[in-house]
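To keep things clear, I will list the structure first and then write my remarks on it.
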Amino acid sequence: MPQGQPSVVPEDGLTTRQRRNRPLVLVHTGVGKGKSTAAFGLALRAWNQGWPIGVFQFVKSAKWKVGEENALRVLGASGEGGSVDWHKMGEGWSWVQRDGQMDNEEKAREGWEQVKRDLAAETYRLYVLDEFAYPLHWGWVDVDEVISVLRDRPGTQHVVITGRNAPEKLVDFADLVTDMSKVKHPMDAGQKGQRGIEW
């Protein structure tokens, strides 16, 4: 199994094993496709390790059925890897502002409160906060509070946050940040999203 070698070894008093196993905050942001897809790829790895996984979808429609949800639910129920819980915290598309925005704001805050409870209880080993960058960017959830809660979370809980426009404070705080840039997309040529690619 290939293992990356760090370019810097900090003088933090931790052993190599302690440093390797420290819980991470990951951010997938940018205008390109693949932010959530990459996070669900991490969830597959976590499932394989037997970790309990909590997926919290913010602002995407609760009626929208995504392929990753079905696949991860089946895997979670298989008894072969980790468990998977899927929570839908919002309504409507993340990039469309609608008349129900106040309802979306409330649901986003309620979703964050649930995440805080689960972090305090150490319910999961991996948290996928899908599209959570949007409520932070829009000011629906306070980024300083999020950083404080994540900094003080107990145990070995990993958290991945996806979505465009991740606040700079969150980017600075996170351990791993990937900015998905767009080079080309079929929609640029007028092609609509398609089954198996977008969902």
Side-chain angles (χ1 to χ4, degrees), residues 1-10 14-30 32-58 60 64-89 94 111-112 114-134 136 146-147 149-151 153-164 166 170-171 173-181 195-199:
M1 176 70 67
Q3 296 183 5
Q5 295 296 321
S7 57
V8 175
V9 178
L14 298 177
T15 66
T16 301
R17 182 180 301 255
Q18 288 171 322
R19 198 175 302 111
R20 176 185 295 151
N21 294 325
R22 109 188 140 78
L24 302 175
V25 173
L26 304 88
V27 173
H28 298 172
T29 192
K33 177 176 168 45
K35 297 176 287 292
S36 297
T37 304
F40 294 133
L42 285 173
L44 289 175
R45 289 177 177 174
W47 173 83
N48 186 59
Q49 295 298 323
W51 296 357
I53 303 159
V55 177
F56 298 81
Q57 279 198 298
F58 289 82
K60 282 183 178 172
W64 200 49
K65 302 299 182 195
V66 296
E68 295 95 343
E69 177 182 358
N70 185 46
L72 284 167
R73 283 186 185 274
V74 169
L75 288 172
S78 72
E80 293 185 27
S83 61
V84 179
D85 292 331
W86 201 284
H87 309 275
K88 296 188 180 187
M89 306 314 215
S94 54
W112 170 239
Q114 181 61 52
V115 171
K116 284 169 45 180
R117 287 189 292 272
D118 284 327
L119 285 167
E122 299 183 60
T123 306
Y124 306 108
R125 182 82 186 271
L126 177 69
Y127 294 73
V128 178
L129 308 188
D130 189 35
E131 309 289 6
F132 190 50
Y134 288 98
L136 294 173
V146 169
I147 290 170
V149 168
L150 294 178
R151 180 181 291 119
R153 71 194 186 282
T156 56
Q157 303 175 95
H158 301 283
V159 179
V160 57
I161 297 171
T162 73
R164 295 183 181 200
L170 178 64
V171 168
F173 167 73
D175 301 291
L176 187 156
V177 178
T178 300
D179 188 311
M180 305 282 190
S181 63
R195 187 182 305 270
I197 302 297
E198 268 74 37
W199 72 91

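What you see is a predicted model; the values in this text were computed from it and never measured.
- With a 4.5 Å cut-off on side-chain heavy atoms, Leu24 and Leu176 do not count as touching.
- For the pair Phe56 and Tyr127, the minimum side-chain heavy-atom distance is below 4.5 Å.
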Apply side-chain contact (heavy atoms from CB on, under 4.5 Å) to Leu119 and Leu150, showing your working.
-> CA-CA 8 Å; Leu119 285 167; Leu150 294 178; 4.0 Å; yes

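- No donor-acceptor pair under 3.5 Å is formed between the side chain of His28 and the backbone N or O of Thr178.
- Nearest approach of Gln157 to Pro23, heavy atoms of both residues: O-CB, 3.3 Å.
- Taking every heavy atom of both residues into account, Asp179 and Gly30 meet most closely at OD1-CA, 3.5 Å.
- Proximity of a side-chain donor or acceptor of Arg73 to a complementary backbone N or O of Asn70 within less than 3.5 Å is not detected.
- Under the 6.0 Å cut-off for aromatic ring centres, Phe132 and Trp112 qualify, their centroids lying closer than that.
- Counting only distance, with no hydrogens or angles, the side chain of Thr162 and the backbone of Glu131 share a donor-acceptor pair below 3.5 Å.
- Heavy atoms only, all atoms of each residue included: Val128 and Phe40 are closest at CG1-CE2, 4.0 Å.
- In this structure the side chain of His158 never reaches within 4.5 angstrom of the side chain of Leu42, judged on heavy atoms.
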side-chain contact (heavy atoms from CB on, under 4.5 Å) between Glu69 and Lys88, intermediate numbers included = CA-CA 11 Å; Glu69 177 182 358; Lys88 296 188 180 187; 3.0 Å; yes

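- For Arg117, the CZ atom is densely surrounded, since the number of other residues' heavy atoms within 6.0 Å is greater than 12.
- With Ile161 as the fixed residue, the side-chain contact (heavy atoms from CB on, under 4.5 Å) test singles out one of Leu129, Leu26, Thr29: Leu129.
- A pairwise comparison of heavy atoms in Ser78 and Trp47 identifies OG-CZ2, 3.7 Å as the closest pair.
- In plain terms, the two heavy atoms of Gly155 and Glu122 that are nearest each other are CA-OE1, 3.4 Å.
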Working for side-chain contact (heavy atoms from CB on, under 4.5 Å), residues Val55 and Glu68 | CA-CA 10 Å; Val55 177; Glu68 295 95 343; over 6 Å; no

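- Val115 places none of its side-chain heavy atoms less than 4.5 Å from the side chain of Val146.
- Looking at Leu126 and Gln49, their side chains never come closer than 4.5 Å, going by heavy atoms from C-beta outward.
- Of the inter-residue distances, the one linking Ser83 atom OG with Arg125 atom CZ reads 12.5 Å to the nearest 0.5 angstrom.
- In terms of modelled atom types and a separation under 3.5 Å, the side chain of Asp85 and the main chain of Gly54 share no donor-acceptor contact.
- The minimum heavy-atom distance between Leu72 and Ala43, with the atom names listed, is CD1-CB, 4.0 Å.
- With rounding to the nearest 0.5 angstrom, the CH2 atom of Trp86 is 7.0 Å from the CG atom of Asp130.
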Working for side-chain contact (heavy atoms from CB on, under 4.5 Å), residues Asn21 and Thr156 = CA-CA 8 Å; Asn21 294 325; Thr156 56; 5.9 Å; no

